[in-house]
*Asks:* 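One structure follows; several queries about it will come next.
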Amino acid sequence: MKPAHAAIYRYSIPFVRPVPVRQTSLDTRDGLVLALRSPDRQHTGLGEIAPLPGLHNESLDEAFDELAATLRKKLPETGNLTLLNVSDTLEERLYPSVRTGIEMALLNLQASITGQFPELPCGPEPATTLPLNALLFGDNATVLQQAEHFYQQGYRTLKLKVNALNKADATGQIRTLDRVFGSSITLRLDSNQSFDLEAAIRFLEALPKKRIAYIEEPLSDPQKIAELFRRSGVPIALDESLWQTPDLRHALPDECLGAYILKPSRIGGITATMKLAIEAEAKGIPAVISSGFESGISLGFYAKMASLLGPNPTACGIDTFRQFTKDILITPLCSQSGSLCVESIWRRSTAPDMSRLTCIEQWTL
Ligand SMILES: O=C(O)CCC(=O)c1ccccc1C(=O)O
Ligand SMILES: [Mg+2]
């Protein structure tokens, strides 16, 4: 299989409301879509390259330059691609967002040609539906309103953004959610490395701990994660640490780890993410496929990835499609009873509304 034509498109989608990332907040999501086409142009494979300010180090322009340079050097002839070998077809030093987009496009092109998405070699039975965690952020009234809305829709896993700077609000929000929904929900917290150790301990001590599955990246100094677990008993999920300090996970006792949060475009590709997911599950740690506010093109693909991990997946962090006023797909993604139907969501993700994409460069490879 060898792509013969390539095109790079650009998109810009407004968020429904400003989305907080690290120190700032964003009004629009900007990204690139790579389309690889077969020699007869009958088949197209799409991949998305969308570094997020505050999450990625590379800018969109830097990603574009590297992507264009990679395409100019020609993509290699490839045999039977799987999620575990697609990475071998590319050179090692690529930005994580660029690697993810090219791997996604190659796998989607092969899936279009063969008529089916490649399964994992010797993998478990795939899931057909995928539960999601609803994302909660904002002031007290907004968080409760959102939680009630999602609960009515069928969501049972809620992920709340908490920040050391307004921990009193977060504490109140979590206690309210516990009082209103009790044991019918599971709460996940994400502090994006905002607490120091002592503040995190005090924060967690004041919470209904039995309701909390884990806290993602509680500490500005992740080296103290084991101590935080020892002193609080709350399992810790790794997100930023997985790429900032990749060896840290091996130094932590398995029982302290609540999950690996896996954002392919930040981890550095489809293969790298699947390998980490398989590592986590082998240790009995949930692998939560998550996203960095990418478009439906990535989210449909990530749904496929998550489904390949087994028939009973943990709730995924790809509910972010609802943060867009209008996605770039012909048929936007939607959930049913708080879950995604994997096959139909992936099919939707392969059909963009071309009027929302601007072509910026194309090649015959
Ligand atoms: O995991 C989810 O449910 C949504 C994704 C999410 O929270 C996120 C989105 C963009 C940047 C960082 C993060 C994060 O998990 O920290
Ligand atoms: Mg996180």
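Atom set for the values below is all heavy atoms of this structure, side chains included, hydrogens, waters and symmetry mates excluded. Numbering of ligands and ligand atoms starts at 1, following listing order.
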*Asks:* Less than 6.0 angstrom from the centroid, inside 45 degrees of the normal: does R211 satisfy that with respect to the ring of F181?
*Replies:* no
*Asks:* Would you say the ring centers of Y214 and F229 fall short of 6.0 Å from each other?
*Replies:* no
*Asks:* How far is atom 7 (O) of ligand 1 from its nearest protein heavy atom, and which residue and atom name does that atom have?
*Replies:* K159 NZ, 2.9 Å
*Asks:* Does ligand 1 have any atom sitting under 4.0 Å from a heavy atom of D239?
*Replies:*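 So D239 counts as touching ligand 1.
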*Asks:* Of all the non-hydrogen atoms in the protein, which one sits nearest to atom 3 (O) of ligand 1, and at what distance?
*Replies:*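 Its nearest protein heavy-atom neighbour is N133 ND2, 2.8 Å.
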*Asks:* Is it true that K263 lies under 4.0 Å from ligand 1, counting heavy atoms only?
*Replies:* yes
*Asks:* Is E217 close enough to the Mg ion (ligand 2) that one of its N, O or S atoms comes in under 2.8 Å?
*Replies:*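 Given the 2.8 Å cut-off, E217 does not count as a ligand of the Mg ion (ligand 2).
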*Asks:* What residue and heavy atom of the protein are closest to atom 16 (O) of ligand 1, and at what distance?
*Replies:*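 Atom 16 (O) of ligand 1 sits closest to the protein heavy atom N192 ND2, 2.7 Å.
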*Asks:* So which of the N, O or S atoms of E216 lies nearest the Mg ion (ligand 2)?
*Replies:*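 Among the N, O or S atoms of E216, the one closest to the Mg ion (ligand 2) is OE1.
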*Asks:* What protein heavy atom is closest to atom 4 (C) of ligand 1, reported as residue, atom name and distance in Å?
*Replies:*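 Nearest neighbour among protein heavy atoms for atom 4 (C) of ligand 1, to 0.1 Å: G317 O, 3.6 Å.
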*Asks:* State the atoms of ligand 1, each with its element, that fall below the 4.0 Å cut-off from a heavy-atom position in K161.
*Replies:*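 Counting atoms of ligand 1 from 1, those under 4.0 Å from K161 are 7 (O), 13 (C), 14 (C), 15 (O), 16 (O).
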*Asks:* For atom 5 (C) of ligand 1, what is the closest protein heavy atom, and at what distance to 0.1 Å?
*Replies:* S291 O, 3.2 Å
*Asks:* If you measure every N or O of E240 against every N or O of ligand 1, does any of those distances drop under 3.5 Å?
*Replies:* no
*Asks:* Of all N/O/S atoms in D239, which lies nearest to the Mg ion (ligand 2)?
*Replies:* OD2
*Asks:* Is a side-chain donor-acceptor pair under 3.5 Å present for S241 with E217?
*Replies:*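 The criterion, which ignores hydrogens and geometry beyond distance, is satisfied for S241 and E217.
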*Asks:* In D190, the N, O or S atom nearest to the Mg ion (ligand 2) is which?
*Replies:*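 Answer by atom name: OD2.
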*Asks:* Taking 4.0 angstrom as the limit and counting only heavy atoms of T320, give me the atoms of ligand 1 inside it, by number and element.
*Replies:*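 So the answer, numbered in order with elements, is 4 (C).
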*Asks:* Any atom of ligand 1 sitting under 4.0 Å from a heavy atom of R188?
*Replies:* no
*Asks:* At less than 4.0 angstrom from any non-hydrogen atom of S290, what atoms of ligand 1 do you find?
*Replies:* 1 (O), 2 (C), 5 (C)
